[in-house]
Amino acid sequence: MCELDETFFQRDAIAVARELIGASLLFQGIGGTIVETEAYRPDDPASHSFSGMSERNKSMFGPAGRAYVYRSYGLHWCFNLVCSSSSAVLIRALEPKVGIDVMQVRRKQSSIRLLCSGPGRLCEALAITREQDGLPLTKIPFVIKHEKKIADVCVGNRIGISKAVHQPWRFGLKDSAFLSKKF
DNA sequence: GAGGCGATTGGCT
DNA sequence: GCCAATCGCCTCG
């Protein structure tokens, strides 16, 4: 395992999204293995950065290696890692590893498979909200480490969006039981 | 200033 | 499979 520094994020979101599969993500000591990500690029109509800066998305236009957290459907939070030139990686699912009991309470959900399998679910399990928007991901309370060996990654179209649906920018850990949806 | 809709989820049919 | 919950942003007037 090796802790990530800022240079890891100062690259294209697609490369970062692919390499994050199999990495470990902890927030306040709670989290697990990243099993599903999606990349969003600046020239991408599905990206929040596509139509310029607003109060909501300003973190995407800041330095790489920070968090971008936004509210989805007025209810849920979605957690992104900002990469180079206003691109970002959405974390869509984790395999829970550390603090499972805490996550079960926060989610009111005993099934481990359903704790973090979805962008809104993992934010609830890790207690990530707008308060973390803009925070550096390379410092406590965040710890992100990745394995030296490359994970077995599968690729597909992004899901849950209506624009630019044919871009193959969704990445997942092959055969993981903790994906938000099968590839 | 009003209306529509979204990188979602959980519950009910 | 369908639908409500719920709110900030974008578009249009």
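Residue numbering restarts at 1 for every chain, and letters A, B, ... go by the order of the sequence lines. For clarity, every value in this text was computed on a predicted model and none was experimentally measured.
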Going by heavy atoms in the side chains, are [X] and [Y] under 4.5 Å from each other?
X	Y	value
A:V69	A:E131	no
A:N80	A:V89	no
A:I91	A:E38	no

When you measure from every atom of DNA chain B, which of [range] have a heavy atom less than 4.0 Å away?
range	answer
residues 174-183 of chain A	none
residues 11-26 of chain A	none
residues 95-106 of chain A	none

Boundaries of the chain A footprint along DNA chain B (any atom under 4.0 Å from a heavy atom):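 The protein-touched segment is B:dG6 to B:dG10.
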Distance between P atoms of B:dC12 and C:dT6 (Å, rounded):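 Nearest-Å result for B:dC12 against C:dT6 at atom P: 16 Å.
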Integer angstrom distance from the P of B:dC5 to that of C:dG13: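 My reading of the P atoms in B:dC5 and C:dG13 gives 15 Å.
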Touch class at under 4.0 angstrom, heavy-atom based, for A:R170 against every strand present: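 Touches nothing.
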Sugar-phosphate only, base, or nothing, as touched by A:R158 at under 4.0 Å among non-hydrogen atoms: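 It contacts nothing in the nucleic acid.
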Taking atom [atom1] of [X] and atom [atom2] of [Y], what is their separation to the nearest 0.5 Å?
X	Y	atom1	atom2	value
A:Y68	A:N57	OH	CG	5.0 Å
A:F79	A:F27	CZ	CZ	8.0 Å
A:R158	A:W169	CZ	CH2	5.5 Å
A:I34	A:L122	CD1	CG	9.0 Å
A:I14	A:Y40	CD1	OH	12.0 Å
A:C2	A:K145	SG	NZ	9.5 Å

For the student: nearest non-hydrogen atoms of A:K174 and A:C154, plus distance: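 Looking at all heavy atoms of both residues, the closest pair is CA-SG, 3.9 Å.
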Where DNA chain C forms stems, i.e. three or more consecutive Watson-Crick or G-U pairs with both distances under 3.5 Å: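 Detected stem regions: B:1-6 with C:7-12, B:8-12 with C:1-5.
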Cation-pi check, A:R11 onto A:F8 ring (under 6.0 Å, within 45° of axis):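 Geometry flag: set, cation within 6.0 Å and 45°.
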cation_pi(A:R71, A:W77) dist<6.0 Å, angle<=45: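 Judged by the rule, A:R71 and A:W77 form a cation-pi pair.
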Donor on one side chain, acceptor on other, [X] and [Y], under 3.5 Å:
X	Y	answer
A:S180	A:E36	yes
A:S117	A:R121	yes
A:S59	A:D133	yes
A:S87	A:S85	no

Length of the NE2-C1' vector between A:H76 and C:dT6, whole Å: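 Interatomic distance, NE2 of A:H76 to C1' of C:dT6: 9 Å.
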Under 3.5 Å, which protein N or O atoms sit close to an N or O of nucleotides 9-13 of chain C? Give each pair with its distance.
| residue | atom | partner | partner atom | Å |
| --- | --- | --- | --- | --- |
| C:dC9 | OP1 | A:R56 | N | 3.1 |

Carboxylate-amine/guanidinium contact A:R107 A:E124, below 4.0 Å: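 A salt bridge is present here (some side-chain N lies under 4.0 Å from a carboxylate O).
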5' precedence on DNA chain B between A:S117 and A:S162 (nearest-nucleotide basis):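 Nearest-nucleotide comparison on DNA chain B picks A:S162.
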DNA chain B: 5'-proximal contact among A:Y70 and A:R107 (nearest heavy atom):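 By nearest-heavy-atom nucleotide position, the 5'-most residue is A:Y70.
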Distance flag, aromatic centroids of A:Y70 and A:H48, threshold under 6.0 Å: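 Yes; A:Y70 has its ring centre under 6.0 Å from that of A:H48.
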